[in-house]
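Worksheet: the structure to be examined is printed underneath.
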Amino acid sequence: MFSYRHAFHAGSHADILKHLTLIHLLEYLQEKPGALTIVDTHAGAGIYSLKDGFAAVSKEAEGGIFQLLRFIEAGNPTVESIQKYLECIYAENMGGDIATYPGSPFILARLLRPQDRLKLFELHPKEIDILRHNVGELKQAKQIDVYATDSFSRLKGLLPPPSRRGLVLIDPSYEDKQDYRYLEAAMEEALQRFATGCYAIWYPALSRRESAALPERMKKIAASHKRSWVHAELRIENVPGERRLQASGMFIINPPWTLEKHLSEALPILAKALGVDGGAQFLLKSFEA
Ligand code: SAM
């Protein structure tokens with residue numbers, strides 16, 4: 001436990017899928033003026049340098065955000081959701097070369113309107129200190145609460161939010177195999193308390209039993225609460241036995257009606273841009289309750 005540091009994975013293909021989806025969800029929910037409560041159950045450090053530290057060691061951003069940028073700069077077509085995602089990354093770098101990658105807390109914080117609130121959970125003893133420091137530098141800091149506690153057990157305490165409008169990102173590291181079980185329990189409780197919230201769950205698409213079963217488990221939970229969902233997966237590589245993460249997915253409960261269309265436009269481009277040795281694939285499914 002606690003060996004996971006998100007800096008190793010900042011700007012990877014998995015971050016691209018997760019953050020592009022997240023930005024679309026938030027922008028859709030912000031079309032209405034009512035206050036939003038946004039919960040990021042697994043926050044990480046908030047923002048990462050891509051030029052030094054862990055990210056420079058892993059070089060995952062090379063096959064992720066930098067590969068995507070090269071693809072677009074080469075004149076390949078792009079779509080609105082990819083452009084909006086890249087605008088957020090560029091904004092963090094003041095429009096210049098990308099040296100810094102915002103994690104979900106910074107992406108969300110920068111998009112907050114005055115009426116919105118952001119709740120961040122982080123359990124890692126080093127990450128929480130870095131996160132608190134980073135959040136303290138933001139002009140939106142007063143709208144943000146940071147909790148150094150286990151989000152799986154604490155999420156229900158924040159639901160339903162006062163305005164009954166909410167977005168919850170659940171992005172565990174799955175470092176602890178029990179995370180799959182904790183996720184299911186947390187989602188059951190969350191939907192009992194706040195059935196109309198928008199929930200975005202990230203997962204690594206691995207051959208491991210718990211990971212392969214996760215989308216079906218989420219579908220069952222959504223069905224038992226009569227909720228709609230969208231399920232997307234992006235694989236960039238298909239090499240058996242490879243330890244690198246080759247694919248990841250997003251499962252969204254109560255998605256906006258626009259999400260499937262946006263992902264159906266973005267996923268083929270991401271697969272083409274990020275695919276390695278013809279191994280790229282994507283999946284997009286949905287259900288309307
Ligand atoms: N959401 C971040 C982003 O997109 O930039 C990345 C988060 S990373 C995948 C997962 C984080 O969750 C790690 O920093 C880990 O320390 C933290 N974590 C693990 N278990 C947790 C728990 N039960 N409650 C809160 N945080 C947890």
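Quick caveat: nothing in here was measured; it's all calculated off a predicted structure. Every number for a ligand or one of its atoms is a count from 1 in the order of the listing. One is the number of the first residue; the rest follow in order along the sequence.
Not one N or O of Glu127 is nearer than 3.5 Å to an N or O of ligand 1, by distance alone. Taking distance alone, with nitrogen or oxygen atoms compared against 3.5 Å, Asp150 approaches ligand 1 more closely than that limit. In terms of polar-atom proximity, defined here as any N/O pair under 3.5 Å, Ser151 does make such a contact with ligand 1. Of the N or O atoms in Asp171, one or more lie within a sub-3.5 Å distance of an N or O in ligand 1.
Neither the backbone nor the side chain of Trp202 comes within 4.0 Å of ligand 1, counting heavy atoms alone. The proximity of Ala43 to ligand 1, defined as any non-hydrogen pair under 4.0 Å, is limited to the backbone. Contacts between His6 and ligand 1, counted as non-hydrogen atom pairs separated by less than 4.0 Å, involve the side chain only. Proximity of His19 to ligand 1, defined as any heavy-atom pair under 4.0 Å, is confined to the side chain (atoms from C-beta onward).
Linking ILVMFWY residues whenever their side-chain heavy atoms come closer than 4.5 Å, directly or via other members, leaves Phe8 and Ile16 in distinct clusters. Cluster membership check: Tyr90 shares its hydrophobic cluster with Tyr85, using side-chain heavy-atom separations under 4.5 Å among Ile, Leu, Val, Met, Phe, Trp and Tyr.
By the 4.0 Å heavy-atom criterion, Ile107 is excluded from the residues contacting ligand 1. By the 4.0 Å heavy-atom criterion, Thr41 is counted among the residues contacting ligand 1.
You'll find the side chain of Arg165 reaches within 4.5 Å of the side chain of Leu29, heavy atoms only. At a threshold of 4.5 Å between non-hydrogen side-chain atoms, the residues Asp171 and Ile201 do not count as touching. By the 4.5 Å heavy-atom criterion applied to side chains, Met218 and Glu184 are counted as neighbours. Put simply, the side chain of Leu167 does not reach to within 4.5 Å of the side chain of Tyr199, judged on heavy atoms.
Taking the ring centroids of Tyr203 and Tyr174, they lie at or beyond the 6.0 Å cut-off. Aromatic pair Tyr48/Tyr101: ring centres not closer than 6.0 Å.
For ligand 1 and Gly103, the ligand atoms under 4.0 Å from any heavy atom of the residue are 5 (O). With ligand atoms numbered from 1 in the order given, ligand 1 contributes 24 (N), 25 (C) to contacts under 4.0 Å with heavy atoms of Thr149.
Side-chain atoms of Asp116 come within 3.5 Å of backbone atoms of Leu36 as a donor-acceptor pair (strictly under, hydrogens ignored).
Heavy-atom proximity to atom 13 (C) of ligand 1, evaluated over Glu122, Glu175, His9, His124, is greatest for Glu122.
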